[in-house]
Amino acid sequence: MKLEYFYILSGIAVFVILLLVFFLVFKKRKKYGLQKELQELERQRNLIVSTPIPSELAKIEVIIKNEKLEEKYNEWCERYKNIKEVRFSEITDVILDIDGLIEQNDLKEAKSRIQDLEMEIFKLRTTTDNLLDEIREITMSEERNRAIITKLKSRYRELQRTLENNKNAYGDIYKYIELQLENIEKRFTDFETVMEDNNYSEIVSIVKVIDEMIAHISTVIEEVPDLILLTNKIIPERIKEVNDTYTTMLGKSYPLDYLNVPYNISQIEHKTKEIVDKIKILNLEECMFSLKTFLDYLDNLLNDFDVEKRSRKIFDEVAKSFREKLNKINKIVSDIYEQLDDIKSMYNLTSDDLEEFSLINKNLLEINNTYNNIIGDLKNKREPYSVLREEIEKLTISLQDVEERFDACLRSLGSMKEDEQRAREQLDEITELLKKCKANIRSYNLPIISNNYFVELSEANEAIYEIIKELEKTPITIKTLNIRVDTARDLSLKLASTTNEMVKTAKLSEMIITYGNRYKPLDKDIEKGLDAATQLFFKGNYKKSLETSIASINIIEPDIYKKMLNMYKKN
């Protein structure tokens, strides 16, 4: 037991020792890390101190020639003194304090102070950089502004050459541009004076003014020739063309009031004069846009005139064709309406047929009224030809629709007349077919005629009678008449088929029986079969008689039916 207890205590002791070692190592590493951070912050402080502010201030001290620059110089010296003697010292003291805390192993407090120190160093670096930038704005001003002015002078000379080489293109505006160039020249002189006096506070504004003046005069030199061409030549010529065309078209009775040409032209002329005045003072704002807008409007006017000319030509052609077609349809519809009562008395027109006739007449009346309104607008010059053309084209489409519908109605009436005529012709044909059937049945003296024949004959006669009754009606219902004709035709054809088949079967049966009588003495079965066929024949069962006679003689002549059929066809 004592031995086990010893082992337990030994294990605990080892664990405690390892824990202490780990804690000491961890604390040592943390301490080392804080020392590294502090060294980095100290390095950043030293970089701030090495900023070349003193050398830049020395440059300023040499070029001071006015009170403003001297005031600036003194202010910068005070700010640098505050940075170097106050804020730099404060940061140095904080670094020493943090170093002491690290040595005393107060790592938590040291970490907090390091974070605060980082912020202070950042603020000091920002303040120092801003001060250096302000000082260099002066010390580097001459070199930078000299470079800018050199480029501006080069651009200025290019503009002068452009102006001189194209002097005629600027007309009266040349002298105003020349004055502006002289003003820019004076500004260059002002720049040299300010640079000589080291008045750097004024240099930036002067350079900016020169840059703006050159940018403006550059736009002027570039745009003025086009503006002068527009105001002095293109727009006046276009106005004259519009006025001449407008006057000519008015003389030819074109309705052009809707374009409001005189007022708009006077406004363009007035505004063009205002733009010329603006150009003289080199104020080109929106001048080009306005002039192009005027030119577009004048071009559109000329295009509108062309549209009206084309529209008039099209209108005259379409209106002439339309008027001829309208008069023709009016006459035909009028004639049909005068005969409509007679047509209704002849044929039983449906409500849809009558409604369609009425709707066509109504639509045609509307088309006539609209056409008369168009002609009225034309005479009174209320609407331009472009509008009248669209209206007459739409009306032409409407008239074409009415014409097609009316043609369909006429075809329907024509079809009724044709159906009636065809019905009468087919009645004659059906009647003749029945006569042939009766003649055919009488052409062969049949012992018995089947009831089926008389039933079909009666149905056919009745169907013919129905056709006659339908034709005698006033008005005639064409649909019913066609049904009656179809029914009578089908029944008549059926009767003709029945008649032909009956006569053919009876004749073939009689021919085979007569032919086979020669074989009766030779064979009892043939004799017996032919006797049975004969009995069936006289009972009117011709089909069964034929089958029986063929079966009897097939014993001797297997092809008896084909032989008799050929003989039947030859007769």
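Everything quoted here is computed from the prediction, not taken from an experiment.
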Peer 1: Do Arg238 and Phe294 have side chains that get closer than 4.5 Å, going by heavy atoms?
Peer 2: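 A side-chain contact under 4.5 Å is absent here.
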Peer 1: Please walk me through it: do Tyr385 and Leu378 pass side chain to side chain contact (heavy atoms under 4.5 Å, CB included)?
Peer 2: CA-CA 8 Å; Tyr385 277 101; Leu378 178 64; 3.3 Å; yes
Peer 1: Less than 4.5 Å apart, any side-chain heavy atom of Asn283 and any of Asp277?
Peer 2: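 They are not in side-chain contact.
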Peer 1: Enter the distance from Glu391:CD to Glu383:CD here, rounded to the nearest 0.5 Å.
Peer 2: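 If I round to the nearest 0.5 Å, the distance is 6.0 Å.
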Peer 1: For residues Glu185 and Leu181, determine if any side-chain heavy atom of one lies less than 4.5 Å from a side-chain heavy atom of the other.
Peer 2: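 No, their side chains stay 4.5 Å or more apart.
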Peer 1: Shortest non-hydrogen contact from Ser311 to Ser386?
Peer 2: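 Looking at all heavy atoms of both residues, the closest pair is OG-CA, 3.5 Å.
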Peer 1: For Glu164, is the CD atom crowded, meaning more than 12 foreign heavy atoms sit under 6.0 Å from it?
Peer 2: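 Yes, the 6.0 Å shell around CD holds more than 12 heavy atoms from other groups.
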Peer 1: Could you measure the distance from the CG atom of Asp304 to the NZ atom of Lys309? Nearest 0.5 Å is fine.
Peer 2: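 One gets 12.0 Å once the value is rounded to the nearest 0.5 Å.
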Peer 1: Can you tell which of Thr272, Leu295, Ile275 makes a side chain to side chain contact (heavy atoms under 4.5 Å, CB included) with Ser290?
Peer 2: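 Of the listed options, the one satisfying the test is Ile275.
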Peer 1: Within the 4.5 Å heavy-atom criterion, are Phe305 and Leu256 side-chain neighbours or not?
Peer 2: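 The answer is yes; the side chains approach within 4.5 Å.
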Peer 1: Atom CD1 of Ile173 and atom CD of Gln180: how far apart are they, to the nearest 0.5 Å?
Peer 2: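 If I round to the nearest 0.5 Å, the distance is 13.0 Å.
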Peer 1: If only atom types and distance count, is the side chain of Ser321 paired as donor or acceptor with the main-chain N or O of Val318 below 3.5 Å?
Peer 2: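 Absent.
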Peer 1: Over all heavy atoms of both residues, which pair between Ile265 and Leu301 is shortest? Give the atoms and the distance, please.
Peer 2: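 Looks like CD1-CD1, 4.4 Å.
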Peer 1: Counting only heavy atoms not in Phe122 (residues, nucleotides, ligands), do more than 12 fall under 6.0 Å from its CZ?
Peer 2: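 Result for CZ/Phe122: open.
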Peer 1: Between Lys153 and Arg157, is the side chain to side chain contact (heavy atoms under 4.5 Å, CB included) condition met? List the steps.
Peer 2: CA-CA 6 Å; Lys153 280 185 176 181; Arg157 293 189 189 96; 3.8 Å; yes
Peer 1: Say you draw a straight line from NZ of Lys278 to CD of Glu274; how long is it, rounded to the nearest 0.5 Å?
Peer 2: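 Rounded to the nearest 0.5 Å, the NZ-CD separation comes to 8.5 Å.
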Peer 1: Could you check whether Asp244 pairs with Lys240 (Lys NZ or Arg NE/NH1/NH2 to Asp/Glu carboxylate O, under 4.0 Å)?
Peer 2: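 Counted as a salt bridge, because a side-chain N and a carboxylate O are separated by less than 4.0 Å.
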Peer 1: Considering all heavy atoms of both residues, which atom of Tyr246 and which atom of Pro262 are nearest to each other, and what is their separation?
Peer 2: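 Looking at all heavy atoms of both residues, the closest pair is OH-CD, 3.8 Å.
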Peer 1: Side chains of Leu399 and Tyr371: closer than 4.5 Å at any heavy-atom pair?
Peer 2: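 No, every pair of side-chain atoms sits at 4.5 Å or beyond.
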Peer 1: Looking at Arg187, I'd like to know if its CZ atom is crowded, meaning that more than 12 non-hydrogen atoms belonging to other residues, nucleotides or ligands lie closer than 6.0 Å.
Peer 2: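 Atom CZ in Arg187 is not packed in, count stays at 12 or less.
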Peer 1: Side chains of Asn303 and Asp299: does their closest heavy-atom pair fall under 4.5 Å?
Peer 2: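 Result no, sub-4.5 Å side-chain heavy-atom pair not found.
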Peer 1: Restricting to non-hydrogen atoms, name the atom on Ile279 and the atom on Cys287 that form the minimum distance, rounded to 0.1 Å.
Peer 2: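 Heavy atoms only, the tightest pair is CG1-SG, 4.5 Å.
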Peer 1: Distance-only check: which donor-acceptor pairs under 3.5 Å involve side-chain atoms of residues 206-221, not counting sequence neighbours?
Peer 2:
residue	atom	partner	partner atom	Å
His216	NE2	Leu282	O	2.8
Ser218	OG	Arg155	NH2	2.5
Thr219	OG1	Ala215	O	3.1

Peer 1: Are the side chains of Met288 and Leu227 in contact, using a 4.5 Å heavy-atom criterion?
Peer 2: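 Yes, side chains in contact.
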Peer 1: Determine, stepwise, if the pair Arg79 / Thr127 fulfils side chain to side chain contact (heavy atoms under 4.5 Å, CB included).
Peer 2: CA-CA 9 Å; Arg79 286 165 61 186; Thr127 302; 5.6 Å; no
Peer 1: Identify the heavy atoms of Lys381 and Pro255 that sit nearest to each other, and give their distance.
Peer 2: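 In terms of heavy atoms, the two residues are closest at O-CB, 3.7 Å.
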Peer 1: Decide yes or no on side chain to side chain contact (heavy atoms under 4.5 Å, CB included) for Ile397 and Glu393, but give the supporting numbers first.
Peer 2: CA-CA 6 Å; Ile397 295 172; Glu393 287 175 346; 5.8 Å; no
Peer 1: Can you tell me how far the NZ atom of Lys292 sits from the CD1 atom of Ile234, to the nearest 0.5 Å?
Peer 2: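 The distance works out to 10.5 Å.
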Peer 1: For Lys280 and Tyr176, which heavy atoms make the closest approach, and how far apart are they?
Peer 2: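 In this case the closest contact between Lys280 and Tyr176 is O-CG, 3.2 Å.
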Peer 1: Do Leu365 and Asn369 have side chains that approach each other closer than 4.5 Å (heavy atoms only, starting at C-beta)?
Peer 2: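 Counting from C-beta outward, Leu365 and Asn369 do come under 4.5 Å.
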Peer 1: Look up atom CD1 in Ile177 and atom OG1 in Thr162, then write down how far apart they are to the nearest 0.5 Å.
Peer 2: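 Between Ile177 CD1 and Thr162 OG1, I get 11.0 Å after rounding to 0.5 Å.
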